[in-house]
Amino acid sequence: MSMINGTRLYDHLTRLGRIGFVPKEGTTRLPYTPAYDEGRIYVQQCMEQAGLQTSVDPVGNLIGTLPGQGEIICIGSHIDTVPGGGIYDGTYGVLSGIECVQRLKELGYQNRHPIQVIAFTEEEGNVIGGTFGSKAFTGGEIDEAMRPNLALHGLTMEQVGACRRDLTQYQCYLELHIEQGGVLEAERMQIGVVDGIVGIVRYRMTVSGCANHAGSTPMHLRDDALVKACRIITQLMERTEAASPDMVCTVGTLQVFPGAVNVIPGKVEFIVELRNPTMEPMDQVIDSVLKEHPELVGEEYIRQSPTQCSSKLIKLSETLCRNRGIRFRRMFSGAGHDLMNWGKAVPSMLLFIPSKDGISHSIREYSAPEDLYQGADLLMEMVQALDQEEGKL
Ligand SMILES: [Zn+2]
């Protein structure tokens with residue numbers, strides 16, 4: 001028996017999921033479009049029905065507040081989608097937060113701390129840049145790449161600056177999200193207690209060889225850049241696997257020059273991306289391959305440190321799971337979330353529920369109702385526990 005009102009949560013999820021939905025394609029709610037605005041109005045109504053006082057900041061973050069004394073307990077996630085996305089990614093965390101507040105009020109619970117539920121805008125990064133809304137809210141750095149996109153949507157840096165909140169007023173940040181991977185389902189776990197979000201490095205790699213005639217150059221006289229690139233990529237994968245079971249390596253783009261069927265490749269460019277809970281092992285993999293191959297030139301262009309969840313909140317999550325008999329496991333998140341912008345300044349916690357077949361960013365995204373309710377119950381218990389805390393965590 002769940003504590004939250006599962007039927008109501010499910011109803012909100014499916015109703016919001018229909019806003020921007022196209023059959024066979026999925027749900028598309030890109031920020032600064034009519035579909036997004038309609039979705040946000042829907043969520044704002046849900047917040048008001050739950051007794052939250054709402055406001056929208058200049059970049060479009062929707063904030064619902066239940067007044068109280070002292071530091072704010074914040075529950076957040078996003079309500080934008082990728083093009084042709086699912087109905088759970090982001091929205092589940094926001095609507096669960098609203099449901100927790102509504103249920104607590106119905107049960108006559110008197111909150112001590114203020115509780116805030118926030119629907120951040122533009123987490124997916126298809127319009128301005130990844131986690132833009134929560135970046136603005138937390139005063140995170142707005143990357144150069146985002147600036148031209150701001151102007152396209154009539155936004156100024158002044159407006160972005162006006163969104164910034166004083167994070168010292170926050171006790172904690174909680175985010176409940178679908179896993180977007182298949183680990184929990186494969187291991188029959190109900191909850192993922194997340195240690196943090198992995199760091200990322202991306203390199204632009206160039207492998208040089210010598211372009212030449214594909215017919216008249218015998219194999220032993222060739223200097224084929226693509227053959228060399230293949231060996232390098234295989235090595236990258238092998239060294240990633242050897243380095244850590246948590247590390248992942250992806251080469252998702254590769255260009256061959258000059259790119260003709262009858263010319264031996266003279267140059268290959270590809271991008272390698274590594275993700276891992278810590279930075280050093282990734283640097284080691286890259287360095288070892290660069291050292292070994294003088295024909296390879298690498299230029300790092302993205303370096304994003306990992307985010308750690310609060311050890312106190314991890315412990316609390318584990319205790320609450322044990323008390324409820326929930327099957328859980330600790331894990332790292334390979335995907336980015338709004339929590340990345342909070343983790344540095346405010347004790348933060350990310351919780352996952354299983355995703356069917358590990359699929360997300362797709363019309364096929366699905367999480368079972370019992371898992372949805374279980375996660376929201378856990379969130380509600382967590383809010384109650386944190387509400388009893390005095391002072392800083
Ligand atoms: Zn998300």
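A quick note: this is a predicted structure, and the numbers were derived from the prediction, not measured. Any value given below was found using the heavy atoms of this structure, including those in side chains, with hydrogens, waters and symmetry copies removed. Remember, it's 1-based here, ligands and their atoms both numbered in the order they're listed.
Among all heavy-atom pairs drawn from L274 and T240, the shortest one is CD2-OG1, 3.6 Å.
Here the protein contributes H78 NE2, D89 OD1, H177 NE2 as N, O or S atoms under 2.8 Å from the Zn ion (ligand 1).
Ring centroids of F352 and H337 are separated by less than 6.0 Å, placing the two rings close together.
Within the structure, salt bridge (Lys or Arg N to Asp or Glu O under 4.0 Å) contacts touching residues 181-193 (residues at least two apart or in different chains) are E187-R329.
Under a cutoff of 6.0 Å and an axis angle of 45°, K267 and F257 form a cation-pi pair.
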Please tabulate, for side-chain N and O atoms in residues 70-77, each donor-acceptor pair with protein atoms closer than 3.5 Å (sequence neighbours left out).
from, atom 1, to, atom 2, distance (Å)
E71, OE2, K392, NZ, 3.1
S77, OG, G90, O, 3.4
S77, OG, E175, OE2, 2.9

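F137 pairs by the ring pair (Phe, Tyr, Trp, His ring centres under 6.0 Å) definition with F120, W342, not counting sequence neighbours.
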